[in-house]
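Worksheet: the structure to be examined is printed underneath.
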There are 2 protein chains.
Amino acid sequence: MTIITYDYFMPETHAAPERFPVTVDVVALTVRDGELNVLLITRLIEPFRGKLAFPGGFVLAGEDLLEAAGRELAEETGVEHLPGHLEQLGSYGPKGRDPRGDVLTVAHLLLAPDFPVLSAGSDAEQAAWYPIRDVLEGRLELAFDHARILDDALERAKSKLEYSPLGAAFCGEEFTIAQLRSVYEAVWGTRLDPRNFHRKATGTPGFLEDTGRMTTGDAGRPAALFRLAPDARPTPGQPTRAVLNPPLMRPQAVDPK
Amino acid sequence: MTIITYDYFMPETHAAPERFPVTVDVVALTVRDGELNVLLITRLIEPFRGKLAFPGGFVLAGEDLLEAAGRELAEETGVEHLPGHLEQLGSYGPKGRDPRGDVLTVAHLLLAPDFPVLSAGSDAEQAAWYPIRDVLEGRLELAFDHARILDDALERAKSKLEYSPLGAAFCGEEFTIAQLRSVYEAVWGTRLDPRNFHRKATGTPGFLEDTGRMTTGDAGRPAALFRLAPDARPTPGQPTRAVLNPPLMRPQAVDPK
DNA sequence: AGCTTTATTGTCAACATGACGATAATTACC
DNA sequence: GGTAATTATCGTCATGTTGACAATAAAGCT
């Protein structure tokens with residue numbers, strides 16, 4: 001049996017290595033009025049003209065993936081400094097994603113507090129927030145394989161909330177327990193018991209930090225303002241290590257005997 | 001303010017989209033003699049000649065990523081049908097990974113039972129299993145950014161065991177609870193209490209299925225043989241949905257009132 | 001002042017977990 | 001062949017966590 005070994009740039013390789021156009025796409029999620037929303041642009045050109053798509057574009061020479069994703073998002077929203085947490089989601093392709101040819105795309109996930117996107121002129125691809133529900137229930141159609149990527153993004157977001165402190169990435173710097181809870185409710189599509197949620201959120205070591213400040217002006221009793229504890233703060237791009245998980249099967253040390 | 005929008009293949013874009021060589025790498029993990037091992041090839045050419053690297057190679061035209069990863073792994077190990085579970089890990093680059101130029105690589109993770117790799121002639125890049133410990137403790141050096149990728153792979157593998165039934169991917173079709181436990185111990189680098197592990201593994205609904213068969217010939221009392229329950233079986237390539245997790249904060253429905 | 005609203009604390013039963021004792025069913029050894 | 005060693009499996013118990021829900025606190029509203 002012959003073993004064929006390919007190697008980067010190896011002259012012996014049968015042909016020059018294939019090169020692919022590489023794009024980054026960003027699935028930006030936020031919670032508005034208790035509903036999960038996603039940032040989409042309206043395509044002005046074919047293919048999928050008039051359909052909605054994630055902000056994104058080509059990776060440029062000398063750029064890394066996360067860098068490119070941040071740049072594209074900033075460009076297409078007109079927002080200079082992105083709030084929230086950006087991380088890589090996964091890569092798709094290159095086969096059969098684009099009618100014009102093979103394109104590899106590296107999808108990213110942004111979990112962010114609600115931020116306003118710039119209203120561009122009518123000749124630009126307008127970015128705007130759309131309720132996820134409208135996409136899932138078929139009232140809005142996405143271009144390319146973006147519906148599938150959105151599914152993966154939602155799955156990722158849901159499990160992030162389960163095992164990491166990243167729910168707080170949807171909130172601003174300071175937030176109340178109720179605001180945090182509404183994030184969980186929106187992402188999971190469930191209602192949570194406010195009392196048990198409060199107990200768990202405040203009772204998890206290394207998760208929240210009381211700022212000492214309170215809300216004022218809202219209806220009802222004022223709420224304490226919290227922020228993420230230093231250890232729980234995400235490093236942008238880094239897969240966040242879960243801080244607060246009672247996992248399935250825990251590394252449970254035992255006397256070596 | 002001007003908004004610059006890039007678009008795939010858009011003629012108005014400043015220049016033709018950059019194209020990158022795209023490779024797939026496979027971090028193949030297995031457990032041998034209670035120790036976590038990784039499959040590596042010895043590089044025969046520069047750069048990093050003599051250093052160890054993951055099996056991998058270029059994505060070919062018309063191929064999807066997972067497909068390419070499986071093909072490369074099969075070619076470089078001489079193994080026709082790969083056992084275990086293969087999934088995408090993440091993408092790295094393209095900047096500064098290879099002294100010869102920008103290369104994007106999509107790393108994959110294989111969790112597999114121990115399988116023999118083909119011994120090739122001395123002119124081929126020989127694939128072999130190496131104890132992870134030797135890499136982590138610096139006795140073996142990896143090429144490119146593979147040390148960093150290995151770190152990410154280990155992190156992923158560890159959390160897969162916590163939240164998914166994928167520990168069983170390291171075992172064969174049928175296995176004993178003790179074999180499964182030794183997987184957890186090897187990946188996590190801890191000892192687990194056999195009695196509590198047994199209780200948890202057999203007591204988790206939708207995880208294991210008793211085959212009715214037993215081991216024979218080994219020392220000690222014969223053990224019951226289990227296999228993964230149908231629902232827990234991974235779909236290759238798909239991020240496995242956790243079946244057995246007591247998560248941090250669980251979607252806990254509450255009367256809508 | 002009293003009602004409404006939201007936040008927060010507390011209680012309790014059911015369940016899960018970690019530590020570890022006891023027993024069962026084999027092979028290994030003399 | 002009997003006893004020891006080995007491994008698997010079941011059981012117990014104290015402690016911790018969870019889900020359900022009552023009660024209290026502190027604001028705004030009328």
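Chain A is the first sequence line, chain B the second, and so forth, proteins listed ahead of strands; every chain is numbered from 1.
- In this structure, CG of B/Leu225 is placed 11 Å from P of D/dA8, rounded to the nearest angstrom.
- Side-chain atoms of B/Arg199 and base atoms of C/dG18 include a donor and an acceptor less than 3.5 Å apart.
- Rounded to a whole Å, the CZ atom of B/Phe197 is 17 Å from the P atom of D/dT7.
- Protein atom CZ of A/Arg191 is 16 Å distant from nucleotide atom C1' of D/dA20, rounded to whole Å.
- The CG atom of A/Leu192 sits 10.0 Å away from atom OG of A/Ser182, with the distance rounded to the nearest 0.5 Å.
- Salt-bridge formation is detected for the pair A/Arg71/A/Glu75: a Lys NZ or Arg NE/NH1/NH2 atom is positioned less than 4.0 Å from an Asp or Glu carboxylate oxygen.
- Side chain of B/Arg181, nearest nucleotide from C/dC12, D/dA8, D/dT9: D/dA8.
- Atoms CG and CD, from A/Leu65 and A/Gln88 in turn, are 6.0 Å apart once rounded to the nearest 0.5 Å.
- In terms of polar N and O atoms assigned as donor or acceptor, the side chain of B/Asn196 comes within less than 3.5 Å of the base of C/dA19 in a complementary pairing.
- Atom CG of B/Asp218 and atom P of C/dA24 are 22 Å apart (whole Å).
- Toward the 5' end of DNA chain D, the nearer of the two residues A/Arg195 and A/Arg221, judged by each one's closest nucleotide, is A/Arg195.
- The side chain of B/Ala178 lies closest to D/dA8 when the candidates are D/dA8, C/dT8, D/dT7.
- In this model, a donor atom of one side chain and an acceptor atom of the other lie less than 3.5 Å apart for B/Asp152 and B/Tyr92.
- Side-chain nitrogen and oxygen atoms of B/Lys200 include at least one within less than 4.0 Å of the OP1 or OP2 phosphate oxygen of C/dT17.
- If you find the closest nucleotide of DNA chain D to A/Pro222 and to B/Phe226, the one lying nearer the 5' end belongs to B/Phe226.
- Atom CZ of B/Phe175 and atom P of D/dT7 are 20 Å apart (whole Å).
- Among D/dT9, D/dA8, C/dC20, the nucleotide with an atom closest to any side-chain atom of B/Asp193 is C/dC20.
- Put simply, A/His198 has a side-chain N or O that comes within less than 4.0 Å of OP1 or OP2 on C/dT8.
- Between the C1' atom of C/dA7 and the CG atom of A/Leu192 lies a distance of 16 Å, rounded to the nearest Å.
- In this structure, the CD1 atom of B/Ile177 is 22 Å from the P atom of D/dT6, given to the nearest Å.
- Remark: the B/Thr215 side chain and the B/Thr176 side chain contain no N/O donor-acceptor pair separated by less than 3.5 Å.
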